[in-house]
Each structure stands twice: as C-alpha cells, then as structure tokens.
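Input: a single structure, listed below in structure tokens.
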Amino acid sequence: METPMSEHAFDPAAYEGRWQAYWETHKTFRSVADPGKPKFYALGMFPYPSGSGLHVGHPESYTALDIVARYKRMNGFAVLHPMGWDAFGLPAERYAVKTGVHPAKTTAENIARFKHQLKRLGFSYDWDREISTADVTYYRWTQWIFLKLYEQGLAYLADVPVNWCPAQGTVLANEEVEDGKYRETGDPVERRMMRQWMLKITAYADRLLDDLDQVDWPESIKDMQRNWIGRSLGAEVHFGIAGSDARFTVYTTRPDTLFGATYCVLAPEHPLVDAVTTADQRAAVDAYVEVAKNKSDLDRQKGGDKDKTGVFTGGYAINPVNGAKVPIWVADYVLISYGTGAIMAVPAHDERDHAFATRFGIPIVQVVSSPEGHDVQAEAWTGGGLSMNSGPYDGLDTETCKQRITAALEADGTGQAKVNYKLRDWLFSRQRYWGEPFPVVHLEDGTVQPLSPDDLPVALPHVDAFRPTDDGRPPLGRAADWVQTTWQGQPALRELNTMPQWAGSCWYYLRYMDPENTSLPVDPEVERYWGPVDLYIGGVEHAVLHLLYARFWHKVLYDVGLVHTVEPFTKLFNQGMILAYAYRDAAGNYHAPDACEQRAGKTVTFQPAWQTEPVTTDWFVKASGEPVHVRIGKMGKSLANSVDPLDIVDRYGADALRTYEMFMGPLEQVKPWQTSGCEGVYRFLGRVWRLFVDGDTGAVKPFGATSREVRKALHAAIKETTEGIEALKFNTPVSKMMELVNACGGELPSRADAETFLLILSPYAPHLAEELWARIGHDHTLADERWPAWDPAALIDDTVTIAVQVMGKVRGTIEVARDADAATVLAAAKAEPNVARHLEGTTIRKEIVVPGRLVNFVVG
RNA sequence: GGGGGCGUGGCGGAACGGUAGACGCGGCGGAUUCAAAAUCCGCUUCCGAGAGGAGUGCGAGUUCGAGUCUCGCCGCCCCUACCA
C-alpha cells in the first residue's frame, strides 16, 4: 500500500531530529553574557507541567519568542531565552490524594514529557538554564526572598476569613470556589477565620499603579491592573450615633453629596451593628445578619439593584455637616471588606442607594444639579454639577465642593481626605503539601521566628499520604519528625502551611539569569547585564495576579538592592487563544476533527435533537456519512476538538507546525486551528525543499541568475520579515516568503540570494533552513549568520500601474513610467478607453494625481 | 453596570486615507500518471449570458477618495463587577 518515497523527497522527519541533536551537542544556543554585545531577554511564561502534556496553545507564544530570539542572535545580540517549570501546584497533589503517587514523582515524569515535547519543536532554548520551582535548589531562594519580605515588615500572620472546605479538610483559593462549592468535587465551602500568612502588597499599591506608566504593555492589561488596584480618592467621614458617644466612619468618593445623605448603611458584619440596634428592631436585624452570614459573596451580589435587601436597625446617625438625624440600616450590599464597611447613602446621586431608597421608601434629596429633564426621584444622577440644598456650599461645582467639604471635615475633626484601594493584602498560605515550606518556626510561647538565611533550605519532607491529618491539620502535619524541631536550643514547631503556586513564578525570570548561584537568588552583577526581561509573552489569564505579584516582589527586591530596575518586564505581549472547530451530530455527540470532512456541494439540512432550529451543513462524519453541525470553541474534551501538537509534528514536522502557528493570523488574536491550513504551510516548505533539492538525485540544483522579479520578491520578503519580527507581526512575513518561492518558479536564484532566503526563513523553519544551508555546502550552523538587509531600490519598478478613477470609482488602469510627471500621467489616464467613456460629455472640475498610485477625475 | 477588543469572500486572514480580498485553505478546470497519491499550471467576492453593476455588520458625516477617520445604532468575544 505504502508507496516507497524517493529518498530525496521532502521528509522533515529525516532531518529535524538530526538538527535538534546538532544544536544540543554544539550548545548552539547557550546564552553568554558578553559586555561587548547588547543583550536581549526573551521570555515565555513557563508552563505548569500538567499530566495532559503540551497542547497546541503552548507552541504559539513559544514559537513567536523563538523567532524573535533567533532573529536577535543574528542581529548581534547576546540572547537569553530560557525555559523551565512552574512545578509546584494543585493537580499533582490532587492526583496524589487519589492515587497515592507522590507529587514529586508525577511532576518529574510530567516535566520529562514536556521537555521531550518541547525539544521536538526545535526551540532555541539554553537548556543549561532550565529551572524547576519545585527543585530545592530553586525554592531555597524563594524562601530566602520570603525572609526578605519578612525583614521588610511585608509578611505577617493574621486571622482572615478563608474558603474552608470541610470535606477536603483544606482551604481553597477563590478561583477554586464556585457557587459556594468546590469546583472539582462539588463539596460545600464555608467561610472560616484562620491564622494565615499575608503579604503586604497594599504597601506597594501606589508604586504598582504609577509604574505602569513606564512599561510597554497592552493598554488593556494596564487597565486591568489599574482596576484591580482600584485607587480612589475620597474622604472618610465620621458619623455620630444619636444617643451615644460612639461613632462610625464611612468612606465616600463624593463628599460633595454629604448633604444628600438620607440614611446610612452598615455591612452585616460591621462591629457596631449590635450597638445601634434598638430593642424593637433586634429580632429582625439578628435574623437578617444571620442569613447574610451564611450567604456566599456570590449570592449576596446576585440580586443586583432589583432586589436589594436590608433592615432598619432603629438607630440614627448624626450627619456631621448639618446635624441631621438619618436612619441606620444594615444591608448586605455594603461589603465589610471594602472601605470602612459602612456607607452614607445618597440616593439622589448613587444608583445602588437609589434602588434601595426607592424600595424602602427612604427620601431622595437632590444636592447636585442634574441636566435638564433628569429627575433624581426617578433615577440617580451620578455625574457632576453645581451643589444645591447644601447650605454654604450651594453653587459650587463638584470638584470644588469636594475639596471645600473635605477641608471643613478636617478642620473640625469629623473626617479627612483618604485614598482607598480595592487591592487587598495577599493571602499567602495554603494548607497544602506540594508547595514551598515557610522558613519560620513557632515557639512554645506562641511567637513566630524567621529562620536565618543560613538555615535554608527548609526542604519539603517526604510524606506518604497527602490528605489533611485526622485532626484537621495540613498534610505537612504528617511529617512528625520534621515538624518537631529546635530553634536556638528551644523546642519549636515548623509551619504546616506552604506557599501558594504564585510564589515560585514571582521571580523565576531572575533565576534564569544565574541558575547555578549558590549564595544568592541571582548575582546583582549578572542581573545588571541580563535584566530586565525585554519581551515577555503569555496568556491574558495572567494579566492581573501573576503579573501583579511578580511586579510586587520585583519592587521589594529592588528596594533591597538585588535588582537594578523597578519593573521586571519591559514589554509584555499577550497571545490570543487558539480555538478549534467542533463537529456535532444530530444526536448531540461530538466527533473528532479528523473523523469529519467537508463535502462541497453536498449541503444537507437536518434536525438536531439539541436545538429547535434545523441545521444546514456540508460537513459529514467520514465513516458513517452522518451530517454534523460545525461550531467553534475552546479546545477540550467536552467538544472533542483537541489537537495534539505532536501529532502535527509527526505528520508535517516541527517547521510546518511552527510556521503555521504564525501564519494563522496576528499573534494577539483569537483564531481557530485548521489542520488543512497547516497542510498548506507544509506544502510551502516542500516547495522550498524542491527548489533546492533535485527529487531524483538528491543533488542541490544549480544556482541561476536572479531575475528582476525574484530579486524584488526577495527584498520584499526581507523587509517584511525584518519589520514583522520587530513589530511582533509574524503572519505576513510567511506570505511574502511564499510569494518569493512562487516567483522563483522552481528555479534557484543566485547562490547569494538563495542563502539570503534561507537566513530569513530560518527563524520560522529552522530545521529546513539548516538542512538546506548544510546541503549547499556550509559546515556550520546558520544561527550565527548575519541577518540580511534589504535594498529599497530592488523594491521599485520602472513602470507602475496606476488606477484611474472618475468620481472615486475605478474605471481603468494605466501603465506609466515610475517617474512620469503629472501631465504625462493625466494624458495617459484620459486616453484609457473606459475612462474616456466615463469622461465623455462631462466637465472635469478637478484632477487629483497621487504619484505612482492613482488618478481621480472629479467631474460635474 | 463598568473596562477592553472585534465585525472584510465558502473558511483563516491581507490591505501608508488611494485598484478591497495579498498569502493560504477549500472548490473548479487542466498537465503528469495505466490509475491514483504526490507534484505542477490556470480560474475562483457576489449578481449578471454579457456589457455592466453591487460590495468590508447597519445608518449618517468628513474627504476628490473611507474597510481605514468622526458620530449614532446592531451583533459577537474577553475581562471585571453592589468598590461606596
């Protein structure tokens, strides 16, 4: 059945492995700090080595970075392009709980697999710098950095509410909780106060916000971080409580509306709820607070404006600006975790307060002028205006009024200007086994002592079971010998919590610079050369947490003198997700893309069981001929549409996969995988092969003379490739190289031009480029060759085709000399038959000549 | 609700304010082949037999000229959310 292929036919499998071995043995891509060279640090977000292996999304950003890295090397840069593993994490631990297999074993296996897969894609990593966050030689420095944080007063223990899952006996991260249940198992999750390590990221809020201005990041990501930090400028205002000396404080961004406060609201958890509640309201308030406590945050937010709930406490507050008595309510739309957990409610100028006031019949008093026709009784006016009903402040614009009222509050001690943040301190402990142990001990007197850096590392002890202990302590409690220790001669207990997965990824980019260092996380001298990361590419899902945490640590390390810049990642770029088509039959079953085919012209309509609308399609299951509905979605098991990158490598080779992933479309865009498109790229690479290699003899075909047309295509391709890589637009260069090969028509140009083509092809398809480079007589890799320059003169033709428009519509084209003057062009344009026809009987009012482009006649 | 992004052929996508649809897929036709695969060449936005006309989500506007700029809608995607 198998036709024996000519041994000289295009066969990537025949040489790709050989070149990967060559690069490895020759250490072609070793990063060497060279003070005589500019440096470039290209970094991809390192993967979590999951059990399911590499997916087709990984090679997208990795290929883009690899192209940049190879390009920069050829442009004389010392390039740092490393790879490693975000190896601590939950899936391995969960797997361990289920199967008893130690996470270290699972993780090592997964890393081996990932590494094998990545190597088959031919990325130019310096594998000597490989790191793993779960390696004790790595995490001892994560612990070292924790000690620095502690030293700086940025790490502390606090009792905080956490997501406690009784069934699992552990605390869950917010993202693991959905609808009050553990996402994986559906076990209920409750709020519980626990003593936890916190990192004081809020101390860096202003710097994290302000320094965003100095980095070259997508504006959308900066905005997401800004929103997350959520700095707002407002005022804290103290409200007295009628009939009591106590007072409570509210936070507002609109102190100018203070005269419009017609009630106050305390969050159900607010400590003063009890004190302000009167006897006759007590039962109602207690009941309300009890219900609110058991509601998850999500449930509390679900209702939106329509059905806000709340209960009057019976108590009254005194508005400090006018002494007015306003009722105090308790309502769960006020969150204890934001601001002061209490608000003054101004229904005329806040939508939430308006909805609440309307529902409970509370007066709405307008204190800021609204536009003509806007009735604040019907809808809140949240914009600015002139103050009214505000005593001495009447007539002031909103900004001025804010300042005056705030100043007045400060003068009489009833309030002050206040900057507030949404950003919370970072909950930094997890009741997990598979993470970095904390370098601290607990003494019998209840104090906590940080270890000396000399005592590091605190190695993760071996345990055989990974569930919490029977008495509810974290899994590390099982390592009894490890837990019992001494500190300066005193008996001490080790910390049973571990650090969250974010910890290791907060500084890995630094370790790559100096992975062998045994006395510091990174030598500041080395960092001064390689840092900061010049280009960081990763998924948008890390837009906030990872990137914010890493920036925070970096700033702390800057403050202690370890790094020399305030920001770690100069340029950030987000690749778009790769989606895939999914094929669903009438019964609702999904079929693998490989099992389906399009039969053009065989369109049928069928009635699926899963929707009322009939479906028209020309896609069918190959084997059964069943029609299938085609849709697009995330790759995954549920749609049966995953594509394994190594299957693609097996069929088409690594170069085709790499080049196709770039050819699909702009890197930042979400785009669907189409294996047929990959095949198109494979064909292109085959044409390149056949351009150089005689299919019968395997000999290199003779070089010829470069035609003018080929020369133009070549220089257009050099230009596009160069500018494209610089601008991270990787798709159009592939088109230009295709055009070049098409222009060659199967005949090699001159040796010099053929070599130039291989050089610009090499970042995309390095194996093929190396193979052909060797076959035409080179005995050394092309990775160190000089990137070619294009000749602008080669792009210019002697004659140009010019479009001729009449009233903006193209009516014909003319061929003129490139440097023809306007008069000549106009004459030729008017002579064009179809143009002449459209000009007939009209008066030319205006003649527009765009040299080398077009002519437009305005007639009337 | 807020923030960001996107709407172009059958499909993925190209287009300094200047010939819309490069390049690729798919399709059609041809060459090669005993035949097929592979390969090579040509055609392929839509309507129309043709001349020609229409055309970048919809509607206005600016301009000699708009996929591109402005305003207003419609639709889709992502993020975020009672943040006071």
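A note on names: the letters A, B, ... follow the listed sequences, proteins ahead of strands, and every chain is numbered from 1. Since the structure is predicted, the reported quantities are computational estimates derived from the model, not experimental observations.
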Problem set entry | Base partner of B:rU63, which must satisfy Watson-Crick or wobble distances under 3.5 Å | none
For this session: Look through every strand shown and name the nucleotide pairing with B:rG29 as Watson-Crick or G-U wobble, where both distances are under 3.5 Å.
Result: B:rC41
Problem set entry | Residue A:Arg837, side-chain heavy atoms: nucleotide from B:rC16, B:rG52, B:rC25 that is nearest | B:rG52
Problem set entry | Base-pairing mate for B:rA14 - Watson-Crick or G-U, with both contacts under 3.5 Å | none
For this session: Any strand is fair game: report the nucleotide pairing with B:rC6 by Watson-Crick or G-U wobble, both distances under 3.5 Å, or none.
Result: B:rG75
For this session: On RNA chain B, check which nucleotide each of A:Leu854 and A:Asp223 is closest to and give me the residue with the more 5' one.
Result: A:Asp223
For this session: Check the side chains of A:Asp206 and A:Tyr421 for a donor-acceptor pair under 3.5 angstrom, ignoring hydrogens and angles.
Result: yes
Exercise. Side-chain N or O of A:Arg683 less than 4.0 angstrom from OP1 or OP2 on B:rG26?
Worked result: yes
Problem set entry | Candidate pair A:Trp673 and A:Tyr660, rule ring pair (Phe, Tyr, Trp, His ring centres under 6.0 Å), full reasoning | CA-CA 9 Å; A:Trp673 175 273; A:Tyr660 172 60; 4.9 Å; yes
For this session: Kindly say if A:Asn574 contacts the phosphate of B:rC79, meaning a side-chain N or O under 4.0 Å from OP1 or OP2.
Result: no
Exercise. Taking OP1 and OP2 of B:rG24, is either one under 4.0 Å from a side-chain nitrogen or oxygen of A:Asn742?
Worked result: yes
Exercise. Hey, which of these two, A:Trp228 or A:Asp350, hits RNA chain B nearer its 5' end, going by closest nucleotide?
Worked result: A:Trp228
For this session: Just compare B:rG13, B:rC82, B:rG3 and give me whichever is closest to any side-chain atom of A:Asn227.
Result: B:rG3
Problem set entry | Options B:rC82, B:rG18, B:rG13, nucleotide nearest the side-chain atoms of A:Val850 | B:rG18
Exercise. Looking at A:Lys308 and A:Asp353, does any basic side-chain N land under 4.0 Å from a carboxylate oxygen?
Worked result: no
Problem set entry | Selection from B:rU19, B:rA84, B:rC11 that lies nearest to any side-chain heavy atom of A:Arg853 | B:rU19
Problem set entry | B:rG1: pairing nucleotide in any strand, Watson-Crick or G-U under 3.5 angstrom | B:rU80
Problem set entry | Given B:rA14, B:rU39, B:rC23, the nucleotide with the shortest approach to the side chain of A:Thr732 | B:rA14
For this session: Among the candidates B:rU19, B:rA15, B:rG24, find the nucleotide nearest to the side-chain atoms of A:Val810.
Result: B:rU19
